[in-house]
Amino acid sequence: MDRLPGFRDFYPEPLPNNDVWSADIRNHVFDTWRSVARSYGFSEYDGPPLEPTELFTKKSGDEIVGQLYNFTDKGEREISLRPEMTPTLARMAAAAERNYKKPFKWFSIPQLFRYERQQKGRLREHYQLNCDIIGEDSPAADAELIALLIDCLRALDLSAEDFVVRLSSRNAWQDFFDARCNDPAKAYEFYQIIDKLEREDPAVSDEKLAGLGFSGTEIREFIAAGEPTAELKLIVDDLAARGLRDFVKIDYGVIRGLAYYSGPVFEAFDRKGEFRAIAGGGRYNQLIRLISDDKVDLPALGFGMGDVVLTELLKARGLLPELESDIDVFFLIEDEALRPRSLRQIQKLREDGYNVEFSLTPMKGNKQFKRAQELGVEFTIRLEGEMAVVKSLKTRDEARLAPEELTDYLVDTIVDRIDEQNV
Ligand code: HAM
């Protein structure tokens, strides 16, 4: 039986074929995301993968609502798999904001589900790093968040030649809209057309714009002028002070598809323009108030970075890491009479923090050794009489020790080697 279209199987390396994804690469991306988010003082949170459908129909906007995996559960509740994390975060923040000093900076790596048309960079499930700052109005928070986004990509070895953050402003677009149209109900429809400008046939966009009383020419002129608002200038100056100016450009071609954005917005793209957006986000100062039915009013901002486009980009640029085995020791059991004592040593080594592999059933000594080599382990250990024989597969050195000396020996050998490499 096949998996559903738009869903992925994650296998351990080495991968069986090109049609599956690597669980090891996924860990590499998640570990990098986590460590960079923590270096910026963000704390991890999570929420339920299923939510009342209303949470999303209320505030995300029509586009994402059309993509919901929604159904009625056995208790007659209307529920939906989460297509994005922001409404859940807004709900959680509103419920518990009194317990946290403002601003609070939170991150999460949820799996999200959208019933989209499958295409390059777009699947029906993806993982998304979400980083959000709650309770801060200052553009310093926008700059902090964009710096974090940039550093997540730099930590994966992408440079300013590989990607750019296109910074824009819903406020600027709102002013543009208000100056020409006095029906606020049409604003979201207008934003949606602008959001699709680069992906849609210009004639189709122009026709839609004309329907709302706008000309394609005036829109293109506004984007081309790219006059930064005072707020955007502050954000860019802050990023420049961090040495990150090369990673951002003011670009009103970005507006964001989701309904709730209210101020500065941004999207990260590969420079060559080969892929869909790597990440997107912005300010959503009204969402928490709307979701909490006016009970809590807190400014907020954040971004989401998906794993699909990012992994495809890393692959295309040759930046996926060589995956090394994380097994330290293969314990050889060449004589079955020694299995119980070997098991005791294996248990001890694992308790001491080493990753240890061994053959669960009797196997010829040379086959076990071959397996150790295939796994790329650092050491083999075998018991011989009362002693343990440790062999380094890198240096071929052998040492004969009392079993209780094993842990210290391994620590010393590994530390010595690291010291030598650093000389
Ligand atoms: P979004 O632009 O819908 O924003 O998604 C953010 C990123 O998730 C995209 O740039 C893309 O990399 C990835 N992504 C989205 N949909 C898919 C898909 N179907 N397949 C693969 N990757 C996808 C949001 O979701 C906002 N809630 C982000 C946010 C957080 N704003 C404030 N805080």
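- Ring geometry for Tyr284 versus Tyr261: interplanar angle over 60°, hence perpendicular rather than tilted (30 to 60°).
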Check step by step if side chain to side chain contact (heavy atoms under 4.5 Å, CB included) holds for Asn171 and Thr229. CA-CA 9 Å; Asn171 297 336; Thr229 60; 5.5 Å; no
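- Using modelled atom types, one side-chain atom of Thr53 and one backbone atom of Ile79 make a donor-acceptor pair closer than 3.5 Å.
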Test side chain to side chain contact (heavy atoms under 4.5 Å, CB included) on Leu298 and Lys102; report intermediate values, then the result. CA-CA 10 Å; Leu298 282 172; Lys102 314 304 175 286; 4.1 Å; yes
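- Residues Val265 and Arg283 are not in side-chain contact: their nearest non-hydrogen atoms beyond the backbone lie 4.5 Å or more apart.
- For the pair Thr311/Ile25, a side-chain contact is recorded, criterion being any heavy-atom separation below 4.5 Å from C-beta on.
- Under 4.0 Å is where a charged nitrogen must lie from a carboxylate oxygen, and between Arg170 and Asp175 no such pair does.
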What's the verdict on side chain to side chain contact (heavy atoms under 4.5 Å, CB included) for Phe266 and Val254, showing C-alpha distance, side-chain angles and the deciding distance? CA-CA 7 Å; Phe266 49 87; Val254 165; 5.7 Å; no
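- Across Ile250 and Gly226, no two heavy atoms sit closer than the pair CG2-O, 3.6 Å.
- Between Ile381 and Leu406 the shortest side-chain heavy-atom distance falls below 4.5 Å.
- The distance from the CD1 atom of Ile291 to the CG atom of Asp294 is 12.5 Å, given to the nearest 0.5 Å.
- Salt bridge Glu125/Arg8: present, at least one basic N to carboxylate O contact under 4.0 Å.
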Test side chain to side chain contact (heavy atoms under 4.5 Å, CB included) on Phe163 and Ile150 and set out the steps. CA-CA 9 Å; Phe163 75 93; Ile150 293 168; 4.0 Å; yes
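- A 4.5 Å side-chain heavy-atom check between Phe369 and Leu393 finds at least one atom pair inside the cut-off.
- Listed for the Glu189 side chain is no donor-acceptor partner under 3.5 Å among the backbone atoms of Lys186.
- The nearest pair of heavy atoms linking Asp195 to Gly257 is OD2-CA, 3.4 Å.
- A distance of 14.0 Å separates OG of Ser39 from CZ of Arg34, quoted to the nearest 0.5 Å.
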Does the pair Gln67 and Arg124 meet the rule for a side-chain hydrogen bond (donor to acceptor under 3.5 Å, both in side chains), with working shown? CA-CA 9 Å; Gln67 298 169 342; Arg124 290 187 173 163; over 6 Å; no
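- Here Arg271 does not pair with Glu161 in a salt bridge; the nearest charged N to carboxylate O distance is not below 4.0 Å.
- At a cut-off of 3.5 Å, with distance as the only test, a side-chain donor of Thr88 or Glu51 sits close to an acceptor on the other residue.
- A salt bridge does not link Lys272 with Asp270: every distance from a Lys NZ or Arg NE/NH1/NH2 to an Asp or Glu carboxylate oxygen is 4.0 Å or more.
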Full working for salt bridge (Lys or Arg N to Asp or Glu O under 4.0 Å) between Arg371 and Glu357: CA-CA 10 Å; Arg371 187 79 194 102; Glu357 180 60 304; 5.4 Å; no
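- Judged by a 6.0 Å distance limit and a 45° cone about the ring axis, Arg82 is not positioned over the six-membered ring of Phe113.
- The main-chain N or O of Tyr45 is found under 3.5 Å from a side-chain atom of Ser108 such that the two form a donor-acceptor pair.
- Counting only distance, with no hydrogens or angles, the side chain of Asp352 and the backbone of Thr407 share no donor-acceptor pair below 3.5 Å.
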Salt bridge (Lys or Arg N to Asp or Glu O under 4.0 Å) between Asp237 and Lys233: does it pass, once the steps are laid out? CA-CA 6 Å; Asp237 287 350; Lys233 274 199 190 112; over 6 Å; no
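- For the pair Ser205 (side chain) and Leu197 (backbone), a donor-acceptor distance under 3.5 Å is absent.
- Using a 30° and 60° split on the angle between ring planes, Trp33 and Phe30 fall in the parallel class, below 30°.
- Judged by distance alone, the side chain of Glu136 and the main-chain N or O of Ser138 form a donor-acceptor pair under 3.5 Å.
- Remark: of the listed residues Arg166, Arg276, Arg220, Arg166 is the sole one forming a salt bridge (charged side-chain N to carboxylate O under 4.0 Å, His left out) with Glu198.
- Using the six-membered ring where Trp is involved, Phe190 and Phe177 have ring planes that are tilted, between 30° and 60° apart.
- Remark: Leu244 CG to Ile146 CD1 distance equals 10.5 Å, nearest 0.5 Å.
- Side-chain contact annotation: Ser359 with Gln368, donor-acceptor N/O pair under 3.5 Å absent.
- Ion pairing between a basic and an acidic side chain is recognised when a charged N comes within 4.0 Å of a carboxylate O; Arg3 and Asp9 show such pairing.
- Remark: Lys105 engages Glu144 in a salt bridge, criterion side-chain N to carboxylate O under 4.0 Å.
- Remark: side-chain polar atoms of Asp246 are not paired, donor with acceptor, to backbone N or O of Ala160 under 3.5 angstrom.
- Of all the heavy atoms in Gly302 and Asp132, the pair that sits closest is CA-OD2, 3.1 Å.
- A donor-acceptor pair shorter than 3.5 Å cannot be found between the side chains of Tyr252 and Glu227.
- Judged by distance alone, with hydrogens and angles left aside, the side-chain atoms of Asp142 form no donor-acceptor pair with the main-chain N or O of Ile235 at under 3.5 Å.
- For Asp206 against Gly216, the heavy-atom pair with the smallest separation is OD1-CA, 3.5 Å.
- Between Leu232 and Ser168 the shortest heavy-atom distance is CD2-O, 3.5 Å.
- Checked by atom type, the side-chain pair Thr86/Tyr260 shows a donor-acceptor distance below 3.5 Å.
- Between Val164 and Phe247, every side-chain heavy-atom pair lies at or beyond the 4.5 Å cut-off.
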Where do Arg38 and Glu44 land on the salt bridge (Lys or Arg N to Asp or Glu O under 4.0 Å) test, with the steps shown first? CA-CA 8 Å; Arg38 289 201 180 281; Glu44 188 158 3; 3.8 Å; yes
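- The pair Glu312-Lys120 does not count as a salt bridge, with every side-chain nitrogen at least 4.0 angstrom from each carboxylate oxygen.
- Looking at heavy atoms from C-beta onward, Asn130 lies out of side-chain contact with Phe107 at the 4.5 angstrom threshold.
- Note that CG of Leu323 is 5.5 Å distant from CG of Asp24, once rounded to the nearest 0.5 Å.
- Side-chain atoms of Arg91 do not come within 3.5 Å of backbone N or O of Ala94 as any donor-acceptor pair.
- Using a 4.5 Å heavy-atom cutoff, the side chains of Phe71 and Glu78 are not in contact.
- Of the charged side-chain nitrogens involved, none lies within less than 4.0 Å of a carboxylate oxygen, so that Glu351 and Lys348 do not count as a salt-bridged pair.
- There is a side-chain donor-acceptor pair under 3.5 Å between Tyr40 and Asp151.
- Taking the side chain as every heavy atom from C-beta outward, Phe269 and Phe275 never approach each other to under 4.5 Å.
- Between Glu267 and Arg256 a salt bridge is recorded (basic side-chain N to carboxylate O distance below 4.0 Å).
- Taking each heavy atom of Val377 and Asp328 in turn, the nearest pair found is CB-O, 3.9 Å.
- The side-chain tip of Arg180 points at the ring of Phe176 from less than 6.0 angstrom away and within 45° of straight on.
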